[in-house]
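A, B, ... follow the sequence lines: proteins, then strands. Residue 1 opens every chain. Quick note: numbers below take in every heavy atom, side chains included, and nothing from hydrogens, waters or symmetry partners. This structure is a prediction, so every number in the text was calculated from the model and none was measured.
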2 protein chains.
Amino acid sequence: MSILFSRQCEYAIKAVVYLAVKKDGERVATNELTRRLNIPYHFVAKILQNLTKKGLLRSAKGPRGGFSLALPANEITLFDIVDAIDGTAFTRSCLLGFPECSGKNPCSVHNAWALQRESIQEMLVGKNVSQLARDMKKPEYQSRRKG
Amino acid sequence: MSILFSRQCEYAIKAVVYLAVKKDGERVATNELTRRLNIPYHFVAKILQNLTKKGLLRSAKGPRGGFSLALPANEITLFDIVDAIDGTAFTRSCLLGFPECSGKNPCSVHNAWALQRESIQEMLVGKNVSQLARDMKKPEYQSRRKG
DNA sequence: AGTATTTCGGAGTCTTTTCTCTGAATATAA
DNA sequence: TTATATTCAGAGAAAAGACTCCGAAATACT
Ligand code: FES
Ligand code: FES
């Protein structure tokens, strides 16, 4: 289905970046995320609960409650989110699924792939959600003028 | 689960490379693939049937039957196999799953990811199964001396 | 011709992932 | 206090992906 990330992880990234676009500490309710990002309500709720448990987000119940970043936006990287949801085994495991991946007895694509995934990992570590919020040009993320 | 490729695709690559290691046109039965590569019998059979329909393999029924490459090994690329099984939508679609992926209204990772996937695609197109057969150092692929 | 070996085709099962529902608990505001 | 908005927790349904089974057709060997 989706390359590189699971659906969950995809949604997680979308949501966290959405939070980062808001001013520091502002709370966003699941409802808003669902409406703006088109993510199933109960599903994204579950995912954000998870990220809360992992310490990336903070949650507040009740009216005017919702989720917000638990850390400054520039201290949360893409890698952190992926790690929290999908895990990062892919940085170590064989592209063809062989039980071990190393330079000794490499599979046919090992040499090429080892470079690629290194580069992907650098991308994930190198992007923090503050940058992501800035670079996100999708209309879903632009805050609305009041009518 | 496995990044980039589905299980099916993974198995397909493993199997086709196995065929390419053999001398031109030599047939390999599902049985042998299952034993050597540790792939479930009926599953790999299905996958190879599929590749046959797509024109990458040739099949022969009956005793001493099996599968063999339908083309010279250096004319089948990794990309061909991936295309036949998983499809290649990933070369065009957004990493975060947004409905459209282009330079106009890009998502946060578009610029970085567009380069990465370009590079991945080049890798897939650039590797043919003849090279893959040569570079495969996994013991599963080394032909056995008779006892 | 008869038998064993193998692919073919389709249906069926199991497992994982995705998504939904429900009933709490908690906080805000009137 | 009451009503309301929200997260929390866990179970459950649906869909997709991975894998199995079976009966039939084709081929090779005796
Ligand atoms: S052994 Fe296959 S990618 Fe390293
Ligand atoms: S818009 Fe997201 S990768 Fe191109």
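- The distance from atom CZ of F43(B) to atom C1' of dC21(D) is 15 Å, rounded to the nearest whole Å.
- A sub-4.0 Å separation between OP1 or OP2 of dC19(D) and a side-chain N or O of Y11(B) is present.
- In terms of polar N and O atoms assigned as donor or acceptor, the side chain of K46(A) comes within less than 3.5 Å of the base of dG10(D) in a complementary pairing.
- Backbone-only contact: F67(B) has heavy atoms under 4.0 Å from sugar-phosphate atoms and none from a base.
- Distance from the side chain of S6(B) is smallest for dA18(D) among the nucleotides dA18(D), dA27(C), dC8(C).
- Put simply, CD1 on I47(B) is 9 Å from C1' on dA18(D), counting in whole angstrom units.
- Protein atom CZ of F5(B) is 17 Å distant from nucleotide atom C1' of dG17(D), rounded to whole Å.
- Taking atom NZ of K53(A) as the reference point, atom C1' of dA9(D) lies 8 Å away to the nearest angstrom.
- Residues E140(A) and Y18(A) form no side-chain contact, since every pair of their non-hydrogen atoms from C-beta on lies 4.5 Å or further apart.
- Residue Y41(A) places at least one side-chain N or O closer than 4.0 Å to OP1 or OP2 of dT7(D).
- Listed pair T30(A) / dT6(D) fails the phosphate criterion, with no side-chain N or O lying under 4.0 Å from OP1 or OP2.
- Using a 4.0 Å cut-off between a side-chain N of Lys or Arg and a carboxylate O of Asp or Glu, E122(B) and R117(B) do not qualify as a salt bridge.
- Applying the 4.0 Å criterion to OP1 and OP2 of dC19(D), one finds that R7(B) has a side-chain N or O inside that range.
- A sub-4.0 Å separation between OP1 or OP2 of dT6(C) and a side-chain N or O of S59(B) is absent.
- Between the NE2 atom of H42(B) and the P atom of dT13(C) there is a distance of 15 Å, rounded to whole Å.
- Regarding N50(B), its CG atom lies at a distance of 13 Å from the P atom of dA18(D), rounded to whole Å.
- The number of heavy-atom neighbours closer than 6.0 Å to NZ of K53(A), taken from other residues, nucleotides and ligands shown, is 12 or below.
- For the pair L48(A) CG and dA9(D) P, the computed distance is 14 Å after rounding to whole Å.
- Using a cut-off of 4.0 Å between Lys/Arg side-chain N and Asp/Glu carboxylate O, R92(B) and E100(B) are scored as not salt-bridged.
- Ring geometry for F98(B) against Y141(A) counts as perpendicular: the plane angle is over 60°, on a 0 to 90° scale with 30° as the lower cut.
- The side chain of P63(B) sits closest to dT27(D) out of dT28(C), dT27(D), dC19(C).
- Nucleic acid contact for A60(B): sugar-phosphate only, since backbone atoms but no base atoms lie under 4.0 Å from a heavy atom of the residue.
- Across the protein-nucleic acid pair, I39(A) atom CD1 and dT17(C) atom P stand 19 Å apart, rounded to whole Å.
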